[in-house]
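To start, the structure itself, in structure tokens.
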Amino acid sequence: RFAYITSHDLKQPLRNIGSFAGLLKRFIDKPDRVEKNLEYLGEIENSASRMHSLIEEILSFSKISNTEITKEIVDLDVVINEFERSHSEMLKERGAIINYTDLPIVSGNKLYLSLLFQNLVENGIKYNTSEIPIVNITSTLVGDQYEIKITDNGIGISDEFKAAIFEPFKRLHSKKTYEGTGLGLSICMKIVETHNGKLWLDNTEEAGSTFRLSLPHKAMAS
């Protein structure tokens with residue numbers, strides 16, 4: 001099923017590249033078609049970029065599924081701070097705010113945990129029509145698990161899609177409305193599972209989305 005869906009999703013940008021390349025070849029020597037030809041080139045570039053994103057996401061998903069991860073001590077405050085620095089232009093452009101403080105130190109793979117929080121925080125900003133997108137990240141210690149709550153003021157997710165959103169390639173919006181591969185939350189789930197944790201959607205707010213995830217306390221993690 002995964003192979004079928006993967007090939008299906010990769011075929012669409014390939015079709016676009018083929019179609020627009022054909023149009024470009026047909027009209028390349030027409031002096032009055034320069035603007036249109038540039039439009040075709042733009043479509044080819046966009047399709048190639050989408051294929052690249054799909055392949056990268058598929059590789060990430062497969063690696064997380066099939067490899068043993070190397071764990072280290074990871075400060076989640078540092079992870080979010082590094083995200084803010086690496087995504088400063090995007091945050092500035094959207095006027096987005098990330099609120100967090102005193103996040104836990106856990107045992108895990110820093111690369112994968114960075115990817116986990118990147119996907120969840122980016123979703124809170126991406127699927128957001130508020131004038132000022134806000135993502136709040138809080139943490140509490142429950143037994144031997146840290147429970148981390150990531151809440152945004154975005155468009156929200158209906159309860160009927162609570163389980164489906166974690167399926168590979170599952171999209172709730174058209175590609176024209178919101179760009180994406182439909183693999184982001186599947187990757188998040190895989191990362192959390194490889195860390196012996198849990199991830200779920202818990203919409204208890206009046207608006208926006210609330211994701212909760214649990215990660216073992218660093219002293220309890222293997």
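All values derive from a computational prediction rather than experimental measurement. Residues take their numbers from the sequence shown, with the count starting at 1.
- Side-chain contact between Leu120 and Cys188: present, with at least one pair of heavy atoms (C-beta onward) separated by less than 4.5 Å.
- Distance CD/Glu35 to CG/Asn37: 10.5 Å, rounded to 0.5 Å.
- Within a 6.0 Å radius of CG in Asp102, no more than 12 heavy atoms belonging to other residues, nucleotides or ligands are found.
- You'll find the side chain of Leu113 reaches within 4.5 Å of the side chain of His195, heavy atoms only.
- Using a 4.5 Å cut-off on side-chain heavy atoms (C-beta onward), Met90 and Glu122 make contact.
- A distance-only check finds no donor-acceptor pair linking the side chain of Asn81 to the backbone of Asp77 [under 3.5 Å].
- Residues Ile150 and Phe117 meet the side-chain proximity criterion, which asks for heavy atoms closer than 4.5 Å.
- The shortest distance between side-chain heavy atoms of Asp152 and Ser130 does not fall below 4.5 Å.
- Taking both residues in full, the closest heavy atoms of Ile98 and Ile80 are given as CG2-CG2, 4.1 Å, listed atom of the first, atom of the second, then distance.
- With contacts defined as side-chain heavy-atom distances shorter than 4.5 Å, the pair Ile137/Val121 qualifies.
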Intermediate values then yes/no, side chain to side chain contact (heavy atoms under 4.5 Å, CB included), Leu185 and Leu201 = CA-CA 11 Å; Leu185 288 175; Leu201 176 67; over 6 Å; no
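- When all heavy atoms are compared, the tightest approach of Tyr146 to Ile105 is CE1-O, 3.9 Å.
- Glu72 CD: more than 12 foreign heavy atoms inside a 6.0 Å radius.
- Every pair passing salt bridge (charged side-chain N to carboxylate O under 4.0 Å, His left out) that includes a residue from residues 103-118 is listed here, sequence neighbours excluded: Glu82-Lys110.
- By the 4.0 Å N-to-carboxylate-O rule, Glu39 lies close enough to Lys36 to be salt-bridged with it.
- At a threshold of 4.5 Å between non-hydrogen side-chain atoms, the residues Glu84 and Tyr100 count as touching.
- With Asn153 contributing its side chain and Ile132 its backbone, the two residues share a donor-acceptor pair below 3.5 Å.
- Here the closest heavy-atom approach between residue Thr70 and residue Asn109 is recorded as O-ND2, 3.0 Å.
- Across all their heavy atoms, Leu199 and Met189 have their closest contact at O-CE, 3.4 Å.
- Atom CG in Leu115 sits 6.0 Å away from atom CD1 in Ile187 (nearest 0.5 Å).
- Closest heavy-atom contact between Leu103 and Ser139: CD2-CB, 4.2 Å.
- No continuous path of ILVMFWY side-chain contacts below 4.5 Å connects Ile97 to Leu76, so the two sit in separate hydrophobic clusters.
- Leu141 and Ile148 fall within a single hydrophobic cluster, where Ile, Leu, Val, Met, Phe, Trp and Tyr side chains are chained together by heavy-atom contacts under 4.5 Å.
- Taking CD1 of Ile155 as the reference point, atom CG of Asn123 lies at 10.0 Å (rounded to 0.5 Å).
- The distance from the OG atom of Ser114 to the CG atom of Asn119 is 11.0 Å, given to the nearest 0.5 Å.
- In terms of heavy atoms, Ser214 sits closest to Trp200 at N-CZ3, 4.3 Å.
- Ser47 contributes no side-chain N or O that, together with a main-chain N or O of Ile44, makes up a donor-acceptor pair within less than 3.5 Å.
- Sorted by first and then second residue, the ring pair (Phe, Tyr, Trp, His ring centres under 6.0 Å) pairs involving residues 72-99 (not counting sequence neighbours) are Phe83-His87.
- Formation of a donor-acceptor pair under 3.5 Å by the Arg94 side chain with backbone atoms of Pro133 is not found in this model.
- Taken to the nearest 0.5 Å, the CD1 atom of Ile28 stands 11.0 Å off from the OH atom of Tyr40.
- Once rounded to the nearest 0.5 Å, the distance linking NZ of Lys149 with CG of Leu213 reads 12.5 Å.
- Applying the side-chain hydrogen bond (donor to acceptor under 3.5 Å, both in side chains) test to Asn99 and every residue at least two apart in sequence or in another chain returns Asn136.
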